[in-house]
Structure formats: C-alpha cells, structure tokens
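Okay, so here's the structure we're looking at.
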Amino acid sequence: GGHSCNHLSLHDHPADVQEREIVENKQFLTSQLGKETDMFTYPSGNYNEQTIDILKRNGFSAAFTGKSGPITGQTGLFTINRVQINNWDSNRFKEVLSKNFKV
C-alpha cells in the first residue's frame with residue numbers, strides 16, 4: 001500500500017503538500033505494480049482529518065495508524081491500529097490474534 005513519497009509527517013503539512021505526497025506515491029506504485037493500491041499507512045503514524053479526506057477522494061479504502069491496539073468492529077477504516085507480529089510459535093500467534101482482533 002501507499003506510504004507517501006518522502007515519508008513526511010503528513011499532519012504537519014498543508015493539504016496541498018499532503019495530497020501531492022499521497023497522489024504521487026499512488027501513481028508511482030501503480031506504475032510499478034501494474035495495478036492501483038487502495039490501502040495506505042500513515043508515515044510515522046501521523047495524520048489529521050485533511051489526510052483522511054485526501055485519501056478518500058483519491059480512491060483509498062483504508063489506512064493504518066502507528067498505534068498499537070485491538071481492532072474491533074467499531075474501528076474506523078481510516079484509523080486501523082497496527083499489530084506487531086514477531087517470529088512466534090503458533091500458540092503465541094493465535095493468542096496475539098485473538099487479543100487484537102475482536103469482531
């Protein structure tokens with residue numbers, strides 16, 4: 001998925017800069033992959049409402065924050081938490097998944 005061109009802390013920049021970072025990165029990924037991406041991860045986890053609006057206007061369907069925590073049925077599609085996955089055995093992996101994904 002997308003992640004911006006220059007890894008700027010998007011919420012520190014005006015909407016036109018945010019849009020350029022997001023759109024140019026999406027165009028680059030599309031040219032390299034041969035298909036569009038509709039997922040985005042906020043650089044350093046930083047975003048604001050303008051960022052979310054830009055993503056929606058440009059065909060993204062979801063975005064991931066830098067926050068760690070459970071994902072529930074109430075989690076917004078543009079504010080999805082991340083879950084750290086390590087080299088665990090299957091029991092530990094199941095435990096982490098069950099703790100973090102509550103639908």
Side-chain angles (χ1 to χ4, degrees):
H3 196 56
S4 80
C5 288
N6 296 295
H7 206 267
L8 300 179
S9 184
L10 293 172
H11 76 304
D12 288 335
H13 295 277
D16 63 319
V17 172
Q18 291 188 48
E19 186 142 17
R20 185 172 54 249
E21 285 287 313
I22 291 166
V23 170
E24 287 180 8
N25 179 248
K26 183 173 185 168
Q27 290 169 342
F28 171 77
L29 290 173
T30 299
S31 73
Q32 296 298 304
L33 300 172
K35 65 178 186 172
E36 277 197 18
T37 181
D38 67 346
M39 307 292 272
F40 191 85
T41 299
Y42 303 110
S44 303
N46 297 313
Y47 65 96
N48 57 27
E49 288 303 316
Q50 283 181 318
T51 318
I52 294 172
D53 290 342
I54 292 164
L55 292 173
K56 288 177 179 178
R57 274 198 322 271
N58 285 282
F60 288 90
S61 62
F64 298 85
T65 72
K67 298 174 191 156
S68 179
I71 299 167
T72 70
Q74 282 70 48
T75 299
L77 289 176
F78 289 85
T79 56
I80 301 170
N81 295 330
R82 293 184 187 177
V83 177
Q84 177 77 30
I85 303 295
N86 295 308
N87 189 22
W88 298 314
D89 65 30
S90 61
N91 289 328
R92 177 70 177 130
F93 183 67
K94 287 177 192 175
E95 178 185 329
V96 170
L97 288 181
S98 66
K99 202 183 301 181
N100 284 285
F101 293 92
K102 301 179 189 318
V103 181

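In this chain, numbering begins with 1 at the start of the sequence shown.
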Is there any salt bridge (charged side-chain N to carboxylate O under 4.0 Å, His left out) pair reaching into [range], and which pairs are they, with sequence neighbours excluded?
| range | value |
| --- | --- |
| residues 68-96 | R92-E95, E95-K99 |
| residues 23-46 | K26-E36 |
| residues 48-72 | E19-R57 |

Which distance, rounded to the nearest 0.5 Å, do you find between the OG1 of T65 and the CZ of F78?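 Reported to 0.5 Å precision, the distance equals 13.5 Å.
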I need the I54 CD1 to R20 CZ distance, nearest 0.5 Å.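 Rounded to the nearest 0.5 Å, the CD1-CZ separation comes to 11.0 Å.
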Mind checking side chain to side chain donor-acceptor pair (under 3.5 Å) for N6 and listing every partner two or more places apart, or none if nothing turns up?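 N6 satisfies side chain to side chain donor-acceptor pair (under 3.5 Å) with E21 only.
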Applying side chain to side chain donor-acceptor pair (under 3.5 Å), can you list everything that pairs with S9, at least two apart in sequence or on another chain? H11, D12, N46
Could you check whether any side-chain heavy atom of N48 comes within less than 4.5 Å of a side-chain heavy atom of L10, counting everything from C-beta outward? no
With no hydrogens and no angle check, is any side-chain donor or acceptor of H3 less than 3.5 Å from a backbone partner on T41?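 Side chain of H3 to backbone of T41: a pair is present.
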Polar side-chain atom of N81 near backbone of P70 as donor-acceptor pair, under 3.5 Å: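 Yes; judged by distance alone, with no hydrogens or angles, the pair exists.
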Could you list all the ring pair (Phe, Tyr, Trp, His ring centres under 6.0 Å) pairs where at least one residue sits in residues 24-57, not counting sequence neighbours? F40-Y42, F40-F60, Y42-Y47
Of all heavy-atom pairs between [X] and [Y], which one has the smallest distance, and what is that distance?
| X | Y | result |
| --- | --- | --- |
| T37 | T30 | N-OG1, 4.4 Å |
| L29 | G1 | CD1-O, 3.6 Å |
| T75 | I80 | CG2-CA, 3.8 Å |

With the 4.5 Å side-chain cut-off for hydrophobic clustering, are I71 and L77 part of the same group?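 In one cluster with I71: L77, no.
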Transitively linked via ILVMFWY side-chain contacts under 4.5 Å: M39 with L55?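 Unlinked, M39 and L55 end up in two clusters.
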Derivation and outcome, side-chain contact (heavy atoms from CB on, under 4.5 Å), residues T51 and I22: CA-CA 9 Å; T51 318; I22 291 166; 4.1 Å; yes
